[in-house]
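Below is one structure, written out as structure tokens; the observations come after it.
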Amino acid sequence: MIDRPRSAPGASSALGKLAGFVIAVVVLAGIYVGYQALQVLFPPNTYETALLATVADTVDADGVLLFDEVYVPGGGTLGYLAADGERVSAGAAVAENYSSPEQAGLRQQLTSLNDQIELLQRSQNTTATQLDSLKKERASALYDMMDALDSSAYDETAQGEENYILAQNKLWVITGEVSDFSAQIASLTEQSAQVQAQLGEPTQITAPQTGYFIRSSASGRLNAGADDILALNTTDLQAYLNSDPELPLDGCAGKIVSGFAWRYVGLCSAKEGEKLLGDNGKPLTRSVKIKFPGQMETPLKASVSEVAIDEATGLARFVITCEIINGDVLRLNRAGAQIIVGETTGLRVPIDAIHYLKEDGTESETQGENYIPGVYVKYGNLARFCKIDPVDNDHPLVTDGEYRIVMPSSSDKTKTVSEVRLYDEIIVSGQNLYDGKLL
């Protein structure tokens, strides 16, 4: 008999494994391609949470601040005894004139020593019952310093540092780690007396009248008087603002602003100027707020005194009156401003998520007068259509970038028909959405 060739058992097994591997790769590749095709044909729904937001209706302007001010004569090497925005009485010392730079250094040293003495004296005024509150004050001061450093507000860290040291010193007294600070106070007092003797008696510069002080190095002045500026019409005011009207306070130690009221005379576009008018065509009777972006971000309550729309130039001239004053305001002369005429608080809804339904429940591709606006919201595993208010006199269109501000749902349907609630999961994009669709 003739022997037939036989294959090795190991070779047959290897071929089977290779075939299985190839089949697995092909199946996985098919699954991947199918998944990608489904992603393209039926993209997954995307969601966004409805959160509260406040949007301000603002008017951007350029103008000048007018104060009732007098100048404080003085020059040379000056050291200031009053801070910017500090209210001083007539005849009070606001600055010193030094005969040498060394005197300026001695004054700074003397001020630092006296501040340390005052802090230690305050540290001794405490009782054992303040333990818990002092721990909270110490922690709060530490957080304040960290926040100031994070926001690069380095001028605010000094106060936080002082509050932290004061709370820590009081805790040491309460817990008995130190009995008092009399030895340190005595040593600092002796150093203070020595520095005062070296300093001597520099020539003092006094305030010519009662008011709020501002240093010459921190502010300037306008090259025209308040009455002259108020008399300018729209065209002349525009030319004045373009002429670089601010001058330094040369030959002055600073200025004193009497009273607490000041005015802002500015220009804005005619369209935005209409926001400063009421329905009767006269200046708004309600309060507004004014701030100076990049220079003073805190809005101050104010009122609109005058508004004049100039159709020929496309500009509006206005006067804002404010009765709040501080060091930040006093530093300004010519500045860009933002007037906040109103604020709207509501839910931020992506504009792309808004749909318009016809009366028969079908969706329209465009907005119509009688179409019902709303958004689809994820309730469990269902998509529900929730109405929002149509744009009308009671519900003006307010946007915030790519979002629209809508009223949250309320039981009072006379004010809003909105059905969207805070923290609802809004479907921003999805395929073939309809009310009751299974997600």
Side-chain angles (χ1 to χ4, degrees), residues 38-59 143 147 150-151 275 279 284 286-289 291 297-299 301 338-439:
L38 287 174
Q39 292 290 97
V40 173
L41 296 174
F42 306 100
N45 298 329
T46 57
Y47 305 91
E48 189 160 336
T49 304
L51 299 175
L52 277 176
T54 298
V55 177
D57 188 9
T58 61
V59 173
Y143 294 142
D147 290 340
D150 287 340
S151 60
K275 297 179 182 180
D279 295 334
L284 290 174
R286 68 175 185 271
S287 297
V288 297
K289 294 179 181 179
K291 67 177 183 177
E297 298 295 338
T298 303
K301 189 176 180 180
Q338 198 171 70
I339 297 92
I340 302 172
V341 297
E343 293 179 327
T344 301
T345 299
L347 299 176
R348 294 175 84 240
V349 170
I351 294 176
D352 291 341
I354 299 177
H355 300 261
Y356 297 89
L357 299 189
K358 302 178 183 178
E359 293 182 358
D360 60 3
T362 60
E363 186 169 338
S364 170
E365 294 182 0
T366 59
Q367 179 179 355
E369 183 177 351
N370 297 320
Y371 297 164
I372 302 171
V375 294
Y376 287 99
V377 175
K378 182 178 183 294
Y379 284 166
N381 61 345
L382 297 178
R384 289 298 186 186
F385 183 77
C386 294
K387 299 177 184 177
I388 61 175
D389 294 302
V391 176
D392 53 29
N393 291 335
D394 295 328
H395 309 96
L397 177 63
V398 179
T399 59
D400 181 18
E402 298 178 352
Y403 294 86
R404 176 173 160 186
I405 304 301
V406 305
M407 292 281 288
S409 177
S410 171
S411 58
D412 188 354
K413 296 306 177 184
T414 62
K415 294 183 178 180
T416 176
V417 299
S418 177
E419 298 172 338
V420 183
R421 304 171 302 179
L422 182 64
Y423 304 129
D424 271 349
E425 290 294 314
I426 297 173
I427 304 175
V428 180
S429 64
Q431 289 291 320
N432 302 319
L433 292 174
Y434 57 86
D435 188 43
K437 178 181 179 180
L438 186 65
L439 299 175

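Heavy-atom basis, side chains included; hydrogens, waters and symmetry copies ignored. It should be emphasised that the depicted structure is a prediction, and the values quoted were computed from it without experimental measurement. All residue numbers in this chain count up from 1 along the given sequence.
The closest side-chain heavy-atom distance from Leu422 to Pro408 is not below 4.5 Å. The shortest side-chain heavy-atom distance between Leu439 and Ile427 falls under the 4.5 Å cut-off. Two residues are said to be in side-chain contact when any heavy atoms from C-beta on lie closer than 4.5 Å; Glu343 and Asp57 fail this criterion. The side-chain heavy atoms of Tyr47 and Val428, taken from C-beta on, include no pair separated by under 4.5 Å.
Judged by distance alone, the side chain of Ser418 and the main-chain N or O of Met407 form a donor-acceptor pair under 3.5 Å. Using a distance-only test at 3.5 Å, with no hydrogens or angles considered, no donor-acceptor pair links the side chain of Arg421 to the main chain of Ala50. A donor-acceptor pair is defined here as one N or O able to donate and one able to accept, closer than 3.5 Å; such a pair exists between the side chain of Lys437 and the backbone of Gln431.
Rounded to the nearest 0.5 Å, atoms NZ (Lys291) and CD1 (Ile340) are 5.0 Å apart. Taking NE2 of His355 as the reference point, atom CD1 of Ile388 lies at 10.5 Å (rounded to 0.5 Å). Remark: Glu363 CD to Leu433 CG distance equals 7.5 Å, nearest 0.5 Å. From Cys386, atom SG reaches atom CG of Asp435 across 8.0 Å, with rounding to the nearest 0.5 Å.
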Show every donor-acceptor pair shorter than 3.5 Å between a side-chain atom in residues 374-383 and any protein atom, with sequence neighbours excluded, or say none if there are none.
unit_1	atom_1	unit_2	atom_2	d
Lys378	NZ	Gly380	O	2.7

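Applying the salt bridge (Lys or Arg N to Asp or Glu O under 4.0 Å) test to residues at least two apart or on different chains, none of the pairs has a partner in residues 385-394. For the salt bridge (Lys or Arg N to Asp or Glu O under 4.0 Å) condition, no pair includes a residue of residues 402-411, sequence neighbours left out.
For Thr49, the side chain to side chain donor-acceptor pair (under 3.5 Å) partners two or more places apart in sequence, or in a different chain, are Glu425. Arg348 meets the side-chain contact (heavy atoms from CB on, under 4.5 Å) test with Ala53, Asp400, Tyr403, Ile405; sequence neighbours excluded. The side chain to side chain donor-acceptor pair (under 3.5 Å) check on Lys289 picks up nothing, with sequence neighbours excluded.
More than 12 heavy atoms of other shown residues, nucleotides or ligands fall within 6.0 angstrom of atom CG in Asp412.
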